[in-house]
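Here is the structure we will look at.
Since we're looking at a predicted model, the values are computed, not measured. These numbers come from the heavy atoms of this one structure, side chains and all, not from hydrogens, waters or symmetry mates. Throughout, residue positions are numbered sequentially from 1 according to the sequence presented.
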Amino acid sequence: MFRGANPITMDNKGRIAIPARYRDELLEDSGGQIVCTIDIYSPCLLLYPMVEWEQVERRLRGLRDNNPSERRYKRLMLGNAVDSEIDKNGRFIISPNLREHAGLEKQLMLVGQLNKFEVWDLAAWEARQAEDMAIIESGDFELTDNLQDFNL
């Protein structure tokens, strides 16, 4: 399970290194095979270990091509998905089109989301954090059924 926000740096070739604390799990569970795609709700990327991505694909397979919304969602998720492999140094390359989509510069944030990571440009991550906190503090926060029953 992936959690925490980890500052990372992307080099000029678009390579990033997975923090050492996650590498063993990624290598053990998916043989270092990962899939990166766009997040259609936020200006970031979604990075899945292959074993988790295969579950996403099973769910996408269930979407109907004759429904425009479902087809659009499937097209965006699958059409932007890029398979990669973590190299012996724990690095992988983010393709130029994915870097452009998320506005990735040099300083990034790798954010654990249990079964996947979000990859953010650092400035966009900081802005989103501030926006999310402001919404919660203002009380203008939708309390869904799941959140009403959720407590720590």
* Is the shortest heavy-atom distance from the side chain of F2 to the side chain of E25 under 4.5 Å? -> yes
* So does R21 have more than 12 non-hydrogen atoms from other groups sitting under 6.0 Å from CZ? -> yes
* To do: Could you go through the side-chain contact (heavy atoms from CB on, under 4.5 Å) check for S42 and W120 one step at a time?
  => CA-CA 9 Å; S42 298; W120 289 81; 3.7 Å; yes
* For L47, which of V111, L26, I34, T37 qualifies under side chain to side chain contact (heavy atoms under 4.5 Å, CB included)? -> I34
* **hydrophobic_cluster_shared for L143 and I135, side chain cutoff 4.5 Å** => yes
* So, do L108 and L104 sit near enough that their side-chain heavy atoms are less than 4.5 Å apart? -> yes
* Quick one: hydrophobic cluster around M1, which other residues, with the 4.5 Å side-chain cut-off, linked directly or via members? -> L114
* Indicate yes or no: at least one non-hydrogen side-chain atom of V119 is less than 4.5 angstrom from one of L98. => no
* Is the shortest distance from a Lys or Arg side-chain nitrogen in K106 or D121 to a carboxylate oxygen in the other one below 4.0 Å? -> no
* **Donor-acceptor under 3.5 Å (R23 side chain, I18 main chain)** => yes
* Asked: Are more than 12 heavy atoms from other residues, nucleotides or ligands located less than 6.0 Å from atom CG of N12?
  -> no
* Asked: Hey, are the side chains of Y73 and L60 touching, using non-hydrogen atoms and a 4.5 Å cut-off?
  -> yes
* Asked: Any side-chain heavy atom of P49 within less than 4.5 Å of one from D29?
  -> no
* Is D83 close to V35 at the side-chain level, that is, under 4.5 Å between some pair of heavy atoms? -> yes
* Atom CZ of R128 and atom SG of C44: how far apart are they, to the nearest 0.5 Å? -> 7.5 Å
* **Nearest non-hydrogen partners of K74 and D65, listed with the distance** => NZ-OD1, 2.7 Å
* Count the heavy atoms of every other residue, nucleotide or ligand shown that sit under 6.0 Å from CD of E28, and state whether that count exceeds 12. => no
Could you list the donor-acceptor pairs under 3.5 angstrom formed between side-chain atoms of residues 50-59 and any protein atom two or more places apart in sequence or on another chain?
from: E52; atom 1: OE1; to: N115; atom 2: ND2; distance (Å): 3.4
from: W53; atom 1: NE1; to: E57; atom 2: OE2; distance (Å): 2.8

* To do: Please check if the side chain of E85 supplies one atom and the backbone of G32 the other of a donor-acceptor pair under 3.5 Å.
  => no
* To do: Begin with the C-alpha distance, continue with both residues' side-chain angles, and end with the deciding distance and a verdict on side-chain contact (heavy atoms from CB on, under 4.5 Å) for M10 and R99.
  => CA-CA 10 Å; M10 182 172 61; R99 293 193 308 254; 3.4 Å; yes
* Is atom CD of E100 surrounded by more than 12 heavy atoms (other residues, nucleotides or ligands) closer than 6.0 Å? -> no
* To do: Give a yes or no on whether Y41 and M77 share a hydrophobic cluster (residues Ile, Leu, Val, Met, Phe, Trp, Tyr; joining criterion: side-chain heavy atoms under 4.5 Å apart).
  => yes
* To do: Quick one: sort the Y22 and F117 rings into parallel, tilted or perpendicular, breaks at 30° and 60°.
  => perpendicular
Under 3.5 Å, which donor-acceptor pairs link side chains of residues 86-95 to any protein atom two or more places apart or in another chain?
from: D87; atom 1: OD1; to: N89; atom 2: N; distance (Å): 2.8
from: D87; atom 1: OD1; to: G90; atom 2: N; distance (Å): 3.1
from: D87; atom 1: OD1; to: R91; atom 2: N; distance (Å): 2.8
from: D87; atom 1: OD2; to: R91; atom 2: NE; distance (Å): 3.2
from: D87; atom 1: OD2; to: R91; atom 2: NH2; distance (Å): 3.3
from: S95; atom 1: OG; to: N97; atom 2: OD1; distance (Å): 2.6

* Structure fact -> When rounded to the nearest 0.5 Å, the distance separating OG of S84 from CZ of R15 is 13.0 Å
* Asked: Are L122 and I8 linked, directly or through other ILVMFWY residues, by side chains that come within less than 4.5 angstrom of each other?
  -> no
* Is the closest side-chain heavy-atom distance between L46 and E118 below 4.5 Å? -> yes
* Taking C-beta and beyond as the side chain, do L76 and R72 meet within less than 4.5 Å on heavy atoms? -> yes
* Is I38 linked to I16 within one hydrophobic cluster, defined over Ile, Leu, Val, Met, Phe, Trp and Tyr using a side-chain heavy-atom separation of less than 4.5 Å? -> yes
* Examine L45 and Y48 and state if one hydrophobic cluster contains both, with Ile, Leu, Val, Met, Phe, Trp and Tyr joined whenever side-chain heavy atoms are less than 4.5 Å apart. => yes
